[in-house]
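Presented below is the structure to which this report refers.
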Amino acid sequence: MQRRSIGVVLSDGWAGVWHKAKVGASRSAVENRWVQAFVAKKWTFLLILMGFLLGRAMILEQLSPFALAFLAVIYFTRKDILHWVGIAAFAGSLLAVNAHTGYLVTEMLVFLLLQKAIEKFERSDISLAPLLVFASTFLVQLFAQLVGINFTWYSLMMITVEALLSLVLTMIFVQAIPVFTLTRKNYHLKHEEIICLIILLASVMTGTVGWVAGPVTVEHVLSRYLILLFALVGGAPFGASVGVITGLILSLANSNAVYQMSLLAFSGMLAGLLKEGNRLLVAFGMLLGSSILSFYLGSSADVIHSTWESLAAVVLFLLTPRSLIVMLAKYVPGTQENLKSQQDYAKRVRDVTAGRVEQFSEVFRQLSRSFKQLTTDDSVTRREEDVGHFMDAVASKACESCWKKSQCWDQRFYQTYTYMTDMMTQIEEKETMTKKQIPPEWKKVCIRTDQVLDVMKQQYGLYKNDLHWKKQIMDSRHLVAEQLSGVSQVMEDLAKEIKREGQELFLQEEQIRNALEELGLSIHSIDVISLDEGNVEIEIIHQYTKGFDECRKIIAPMLSEIIGENVAVMREEMHPRGEGYSTVVFGSAKEYEVATGVAGAAKGGDLFSGDSFSTVELGNGKYAVALSDGMGNGERANAESQTALNILQQLLQSGMDEKLAIKSLNSVLMLRSSDEMYATVDMALIDMYNANTTFMKIGSMPSFIKRGSEVIPITANNLPVGILNEIEVDLVSIPLQHGDILVMMTDGIYDAPGHAVNKELWMKRMIQEIDTTAPQDFADCLLERIFRHHHGEIQDDMTVVVARVEKRQPEWATFRWPGITRMERPKTVS
């Protein structure tokens with residue numbers, strides 16, 4: 001029943017969350033369906049219009065490789081509108097300058113027949129589309145020429161050229177058309193894919209060749225409009241690229257427009273150079289470029305026509321909605337919109353991941369509560385049930401055959417139950433109770449007191465054994481509940497770190513770059529990862545000058561002045577390619593530094609010592625100095641102590657609470673081996689920001705702090721880990737000061753003077769007599785004195801770890817450069 005009730009509670013708790021999520025998801029799904037339906041219809045109409053224009057498009061006034069290539073890609077990407085695109089291409093071919101409707105329809109039919117034949121063998125794939133288009137075009141055109149009477153080698157060459165152009169265009173359209181079919185899941189296009197998109201749009205424009213509206217030629221207006229769009233989005237490189245590609249394709253479609261290639265390229269470059277302004281400046285750049293070349297390349301009538309065409313393109317450009325420009329910018333690499341779309345996608349992934357981690361955290365928290373609830377509820381009810389079972393067992397064995405049973409249990413039940421309870425209490429207090437110690441009043445009431453006493457002592461032994469194991473189960477449940485709660489807290493902290501939104505620190509990066517370049521340093525790139533107080537992280541790639549060490553002498557002091565916090569070099573790595581660049585990571589400098597020294601020896605001069613030590617920075621601003629002594633000596637004791645330190649270090653690095661980490665370590669060592677193996681743990685966690693130190697002493701010897709001429713002992717009375725299932729952990733917190741020397745030792749060092757001497761006073765005197773402040777020299781000197789005290793004999797494993805806490809002094813002082821102001825830290829967004 002209890003398990004079932006817990007399941008009901010959990011299911012009820014998640015039911016509300018699931019219901020809300022389901023309602024919200026259904027609403028968003030309805031809205032997304034409407035938006036996707038509208039966008040899909042818009043793109044469907046655009047694809048049909050493109051099919052019409054490509055059906056009309058021709059190059060060199062006799063080749064039409066566009067329509068079949070476009071239809072083949074539509075077959076694989078949007079098969080639902082294939083018939084509409086085919087009809088549109090058919091209609092466009094009817095309006096072409098040189099009618100080629102019969103060839104186009106025949107090529108479509110041959111392509112569909114070949115495709116159906118391949119589908120019979122289940123090998124249909126879009127990668128085969130270029131080959132199918134090539135085969136369809138070549139076979140139809142060759143058959144038409146063979147049937148005719150004017151077949152020549154020149155016509156065969158033109159057939160081959162058209163088939164090859166169809167193949168190349170199919171490969172280009174495969175890259176470009178998915179942008180319009182909503183099949184791309186992200187907004188990241190390579191430069192090659194952008195070029196393919198431009199070729200597709202320029203090919204569509206060739207379908208407007210010959211269309212004139214007064215003094216304005218439609219293909220020239222559309223080409224300049226396309227240049228304006230890409231110049232505003234991608235700058236001069238994209239503007240010039242669009243001009244070259246569009247001019248080339250238009251010149252192939254109309255030989256009289258060869259000069260358009262240089263005119264459009266120059267206009268696109270000028271327009272792109274002014275992209276940092278607004279649309280008017282981009283339009284002015286295009287007008288200026290087209291006007292300059294028109295004066296040199298054409299007559300006065302051409303200049304007027306070109307001006308009117310440019311003005312018409314500018315009007316279309318100014319009327320273009322901003323949403324279209326933003327959508328186009330998302331696909332162009334390097335633009336702010338593209339970066340934002342990538343960041344939005346990363347943020348969605350981050351939020352989903354954080355949500356999953358939070359769900360797991362909540363599951364562990366619920367499991368922890370259920371274990372605690374079971375432990376609390378069972379403790380009272382089980383006690384009453386156990387006492388009842390105890391009484392029933394005694395009554396059934398001692399009173400079942402007694403002739404006064406009905407008189408005792410029916411007529412005087414309360415009195416009998418009270419006497420039985422009193423006797424049980426006396427047996428609990430004194431298990432060796434004899435028959436002579438039975439109270440006289442009980443003998444007056446019961447005629448079988450001797451048998452009752454024997455049965456009760458027997459049942460009490462069983463009851464006590466049962467109670468012991470139940471207590472073990474309860475303690476295990478409580479420990480599991482605490483461990484689950486600790487894991488839940490660690491996962492919750494991880495979710496908060498994941499959900500922390502990345503910040504665009506462009507202004508801060510630019511400020512740092514300007515300050516460093518004013519000093520004459522060659523900075524390749526700057527990446528500000530974090531500016532949180534106490535957690536600054538900046539990565540700089542700069543040109544390395546061997547022997548000068550600008551990182552510590554110039555850059556770190558300058559960053560300390562700009563940020564207002566001590567910054568130091570955390571990591572430095574030379575680029576392997578030998579270009580003279582190095583990657584340097586700068587981070588917050590800790591207020592204190594810890595220097596350590598270790599000295600030790602194994603019993604009898606053996607190779608393996610049962611003692612293990614560890615000095616490591618945990619990564620959360622704390623430095624751990626740990627020492628462990630395994631039971632006994634030799635390799636196995638060393639493995640036991642090393643395992644204890646490694647497990648404790650991993651638990652603390654994961655963010656687990658110190659007390660819970662010790663309890664988890666104890667349970668792991670208890671379950672790890674059936675043998676009686678235990679290990680002492682002596683650990684000092686030093687906060688490198690304020691020097692507050694937490695001592696965890698689990699069965700270890702006292703530690704000592706030498707502060708000037710004063711020696712302060714640190715003691716605790718905890719048992720070693722791995723002996724008892726449940727241990728009490730006492731943490732001792734002491735603030736250290738600049739220059740303090742911490743001395744930690746195992747029993748081989750502490751027990752050196754023998755039992756007849758006050759060990760603590762003897763060790764304090766030994767530490768006071770050592771003059772050196774270097775940790776390694778201090779450890780060596782103390783171990784040497786222990787050797788001399790025993791006349792060179794090593795009676796037990798001996799290890800001493802010495803740590804000195806010092807106020808950090810920067811290698812180079814910060815300095816102020818004229819014009820440099822203190823940086824404003826951005827607010828952290830959670």
Next item on the list: For Val567 and Ile562, run side chain to side chain contact (heavy atoms under 4.5 Å, CB included): C-alpha distance rounded to whole Å, both residues' side-chain angles, the deciding distance at 0.1 Å, then the answer.
Entry: CA-CA 10 Å; Val567 175; Ile562 294 175; over 6 Å; no
Checklist line | Shortest non-hydrogen separation from Ile227 to Ser267 and the atoms involved | finding: CG2-C, 4.5 Å
Margin query: Between Ile538 and Val585, is the side chain to side chain contact (heavy atoms under 4.5 Å, CB included) condition met? List the steps.
Written below: CA-CA 6 Å; Ile538 302 173; Val585 178; over 6 Å; no
Next item on the list: Evaluate the side-chain proximity of Glu572 to Thr583: yes if any heavy-atom separation is below 4.5 Å, no if none is.
Entry: no
Checklist line | Point-to-point distance, once rounded to the nearest 0.5 Å, from CD of Gln175 to CG of Leu197 | finding: 11.0 Å
Margin query: Cys196 vs Phe173, test: side chain to side chain contact (heavy atoms under 4.5 Å, CB included). Steps then yes/no.
Written below: CA-CA 7 Å; Cys196 293; Phe173 291 169; over 6 Å; no
Checklist line | Partners passing side-chain hydrogen bond (donor to acceptor under 3.5 Å, both in side chains) against Ser241 (at least two apart in sequence or in another chain) | finding: none
Notebook entry, point to check: Looking at residues at least two apart in the chain, or sitting in another chain, which of them share a side-chain hydrogen bond (donor to acceptor under 3.5 Å, both in side chains) with Tyr225?
Noted result: Thr320
Checklist line | salt bridge (charged side-chain N to carboxylate O under 4.0 Å, His left out) pairs, two or more places apart, involving residues 230-244 | finding: none
Notebook entry, point to check: Where do Phe90 and Ser93 come nearest, in terms of heavy atoms and distance?
Noted result: O-OG, 2.6 Å
Next item on the list: Answer yes or no: is there a side-chain heavy-atom contact under 4.5 Å between Leu264 and Val244?
Entry: no
Note to self: Using the side-chain hydrogen bond (donor to acceptor under 3.5 Å, both in side chains) criterion, which residues pair with Ser588? Sequence neighbours excluded.
What the structure shows: Glu565
Checklist line | Beyond-backbone contact of Thr137 with Phe111, side-chain heavy atoms, under 4.5 angstrom | finding: no
Item checked: Spacing of Leu316 atom CG and Leu222 atom CG [to the nearest 0.5 Å] -> 7.5 Å
Item checked: Partner residues of Leu95 under the side-chain contact (heavy atoms from CB on, under 4.5 Å) criterion, sequence neighbours left out -> Phe52, Arg56
Checklist line | Nearest non-hydrogen partners of His83 and Asp80, listed with the distance | finding: CE1-O, 3.2 Å
Next item on the list: Would you check if the side chain of Arg571 reaches a backbone N or O of Val584 as a donor-acceptor pair within less than 3.5 Å?
Entry: no
Item checked: Under the side-chain contact (heavy atoms from CB on, under 4.5 Å) test, residues paired with Ala240 that sit two or more places apart -> Met269
Checklist line | Minimum heavy-atom distance Ser166-Thr170, with the two atoms named | finding: O-OG1, 2.6 Å
Next item on the list: Verify the neighbour count for atom CE of Met158: are there more than 12 heavy atoms of other residues, nucleotides or ligands below 6.0 Å?
Entry: yes
Next item on the list: Quick one: list whatever passes side-chain contact (heavy atoms from CB on, under 4.5 Å) with Leu287, sequence neighbours left out.
Entry: Ser310, Leu311, Val314
Item checked: Pairs flagged by salt bridge (charged side-chain N to carboxylate O under 4.0 Å, His left out) wherever residues 308-319 is involved - sequence neighbours left out -> Arg224-Glu309
Next item on the list: Look up atom CG in Leu54 and atom CG in Leu68, then write down how far apart they are to the nearest 0.5 Å.
Entry: 11.5 Å
Item checked: Residues in side-chain contact (heavy atoms from CB on, under 4.5 Å) contact with Leu71, at least two apart in sequence or another chain -> Leu82, Val85, Met108
Checklist line | Inter-residue atom distance Ile249.CD1 - Ile59.CD1, 0.5 Å rounding | finding: 8.5 Å
Notebook entry, point to check: Rounded to the nearest 0.5 Å, how far does CZ of Phe284 lie from CG of Leu274?
Noted result: 7.5 Å
Margin query: Could you check whether any side-chain heavy atom of Leu270 comes within less than 4.5 Å of a side-chain heavy atom of Met286, counting everything from C-beta outward?
Written below: no
Show the atom names and distances, to 0.1 Å, of all donor-acceptor pairs under 3.5 Å that link a side chain in residues 199-212 to residues at least two apart or in another chain.
| residue | atom | partner | partner atom | Å |
| --- | --- | --- | --- | --- |
| Ser203 | OG | Ile199 | O | 2.7 |
| Thr206 | OG1 | Ser203 | O | 2.4 |
| Thr208 | OG1 | Met205 | O | 2.6 |

Margin query: With heavy-atom distances below 4.5 Å as the criterion, would you say the side chains of Arg279 and Phe317 are in contact?
Written below: yes
Checklist line | Qualifying residues under side-chain hydrogen bond (donor to acceptor under 3.5 Å, both in side chains), relative to Glu107, sequence neighbours excluded | finding: Gln141
For a quick test of your reading: what N or O donor-acceptor pairs under 3.5 Å do the side chains of residues 228-236 make, sequence neighbours left out?
none

Checklist line | Any donor-acceptor N/O pair, Ser136 side chain to Val133 backbone, under 3.5 Å | finding: no
Notebook entry, point to check: When you look at Phe70 and Met50, which way does the side chain to side chain contact (heavy atoms under 4.5 Å, CB included) test go after all the steps?
Noted result: CA-CA 9 Å; Phe70 184 77; Met50 292 170 67; 4.0 Å; yes
Check: Taking atom CG of Leu131 and atom CG of Leu167, what is their separation to the nearest 0.5 Å?
Finding: 6.0 Å
